[in-house]
Amino acid sequence: MPPQTDLLPPSSSAPPVGYDGDGAVPRIVPVRRTGRWTAAVAVLILLALALNSVIRNEAFEWDVVVSYFATLSVLRGLWLTLWLTAVVMVLGFALGALLAVLRLSGNPVLQAVSWGYVWLFRSTPILVQLLFWFNIGALYPQILGVNTVTLMGPVTIAVIGLTLHEAAYAAEVVRGGILSVERGQIEAAQSLGLGPWRRFRRIVLPQAMRSIVPPAGNMLIGTLKGTSIVSIIAVQDLLYSVQLVYHRTYQVIPLLLVATLWYALVTSLLSVGQRYVERYYARGTAGAR
């Protein structure tokens, strides 16, 4: 039998991977991503043009923005915005947690009341709710002998209106977090003889926080921006403060930029804080990073 001269193995009917007939293995050529790089360059060019337009457009009046950015009136409005956001979030989640517990209880009356509250306040716009509370004195001039017209000022109305509105959404966030906890965890705690409060505080709540924190952080940022709507009832928040200035100076665009930059700055800081809180409660899970 003549010696085997073919490079192919005798028992093989197909050439091996990389075989080109003369024994040379072909060179591996990386995939050319022409479309990806073309799109990236086009987007960068458009961003550069937009940035150049914003910087060089004299109508923005950046010198006016700088001069009003840290004025006392603007900082007072910013402080009221931050204070209002914190109070509304604390009270809203306290009321929302109570509504969530009522919704998950075995009492059909409490379930119906909780469901009705959430339905009502999620079905009506926040602006309508604020205007309703602002005119509550027309319906109830006195409540328990107290004059509602003089007692409920714009800030009080803003706190009440925003809190009741946020509580409806917070109730669903808390309820969803509680339902995300496996039933076996609760049954195991019951078998150990833990009472309802200890089960909730030591078993349910720590695990539910993994599902509560992300939407709660989004609500916090949304509430911060949503407080600007209280300017409609003359609450001197950040937006109302810059409005008072540009109504006097007619420099509308630069003053609105002042408010925009402050909102963007605070929102960015809250987003960073939200990320770390999420990582804390996600310890030991696949989502921790």
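Model, not experiment: these values are computed from the prediction.
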Euclidean distance, Leu270 CG relative to Leu82 CG, rounded to 0.5 Å: 8.0 Å

Considering all heavy atoms of both residues, which atom of Ser211 and which atom of Ser180 are nearest to each other, and what is their separation? OG-OG, 3.1 Å

Counting only heavy atoms not in Ile126, do more than 12 fall under 6.0 Å of its CD1? yes

Can you tell if the side chain of Tyr246 reaches within under 4.5 Å of the side chain of Leu256, non-hydrogen atoms only? yes

Ion pair check, Glu278 and Arg210, cut-off under 4.0 Å: no

Under 3.5 Å: donor-acceptor pair, side chain of Thr227, backbone of Leu224: yes

I want to check something: taking the side chain as every heavy atom from C-beta on, are Val88 and Trp83 in contact at a cut-off of under 4.5 Å? no

Verify side-chain contact (heavy atoms from CB on, under 4.5 Å) between Trp133 and Leu164, making sure each step is shown before the conclusion. CA-CA 11 Å; Trp133 290 109; Leu164 295 178; 3.3 Å; yes

Proximity of Phe121 and Tyr117 rings by center, below 6.0 Å: yes

Does the pair Leu179 and Leu104 meet the rule for a side-chain contact (heavy atoms from CB on, under 4.5 Å), with working shown? CA-CA 9 Å; Leu179 291 176; Leu104 296 173; 3.8 Å; yes

Quick check: closest heavy atoms across Phe69 and Leu261, and the distance to 0.1 Å? CE1-CB, 3.8 Å

pair Val266-Leu78: side-chain heavy atoms closer than 4.5 Å: yes

Roughly how far, to the nearest 0.5 Å, is the CD atom of Glu61 from the OG atom of Ser67? 9.5 Å

Rounded distance (nearest 0.5 Å) linking atom OG of Ser228 with atom OH of Tyr240: 14.5 Å

For Leu99 and Ala171, the nearest pair of non-hydrogen atoms, with its separation, is CB-CB, 3.7 Å

The side-chain contact (heavy atoms from CB on, under 4.5 Å) partner of Pro254 among Asp63, Val64, Thr249 is Val64

With side chains defined as the heavy atoms from C-beta onward, is the minimum distance between Val230 and Val155 less than 4.5 Å? no

Same apolar cluster (I L V M F W Y, side chains within < 4.5 Å links), Ile233/Phe132: yes

Give the cluster check for Val252 versus Trp62: same hydrophobic cluster or not, with ILVMFWY residues linked at side-chain heavy-atom distances below 4.5 Å. yes

Derivation of the side-chain contact (heavy atoms from CB on, under 4.5 Å) call for Ser73 and Leu244: CA-CA 9 Å; Ser73 61; Leu244 289 178; over 6 Å; no

Partner of Trp262 under side-chain contact (heavy atoms from CB on, under 4.5 Å), picked from Thr81, Leu75, Val242, is Leu75

Transitive ILVMFWY side-chain link Leu91 to Val101, under 4.5 Å: no

Please report the interatomic distance CZ(Arg76) to CG(Asp237), rounded to the nearest 0.5 Å. 15.0 Å

Please report the shortest heavy-atom distance between Gln129 and Gly161, naming the atom on each side. OE1-O, 4.2 Å

Which residues pass the side chain to side chain donor-acceptor pair (under 3.5 Å) test with Thr163, not counting sequence neighbours? none

When rounded to the nearest 0.5 Å, the distance separating OG of Ser53 from CG of Leu51 is 9.5 Å

Between CG of Leu238 and OH of Tyr263, what distance do you get to the nearest 0.5 Å? 4.5 Å

Check whether any side-chain heavy atom of Glu172 lies under 4.5 Å from a side-chain heavy atom of Arg103, and answer yes or no. yes

Val41, Leu49: one ILVMFWY side-chain cluster at the under-4.5 Å cut-off? yes

Identify each donor-acceptor pair in which a side-chain atom of residues 212-223 lies under 3.5 Å from a protein atom, sequence neighbours left out, and give them as a table.
residue	atom	partner	partner atom	Å
Asn218	ND2	Pro214	O	3.4
Thr223	OG1	Glu166	OE1	3.2
Thr223	OG1	Met219	O	2.7

Between Leu102 and Ser105, which heavy-atom pair has the shortest distance, and what is it? O-OG, 2.7 Å

Taking atom OH as the centre, does Tyr280 end up with more than 12 heavy-atom neighbours from other residues, nucleotides or ligands that are less than 6.0 angstrom away? no

Working note: Ile232 + Leu127, criterion side-chain contact (heavy atoms from CB on, under 4.5 Å); need CA distance, chi angles, decisive distance, verdict. CA-CA 8 Å; Ile232 199 69; Leu127 178 59; 3.7 Å; yes

Determine whether Gln236 and Ser241 satisfy the following criterion, side-chain hydrogen bond (donor to acceptor under 3.5 Å, both in side chains), listing intermediate values before the conclusion. CA-CA 6 Å; Gln236 294 189 16; Ser241 298; 5.3 Å; no

Let me check something: do Val66 and Leu257 share a hydrophobic cluster, defined by ILVMFWY side-chain heavy atoms less than 4.5 Å apart, either directly or through other members? no

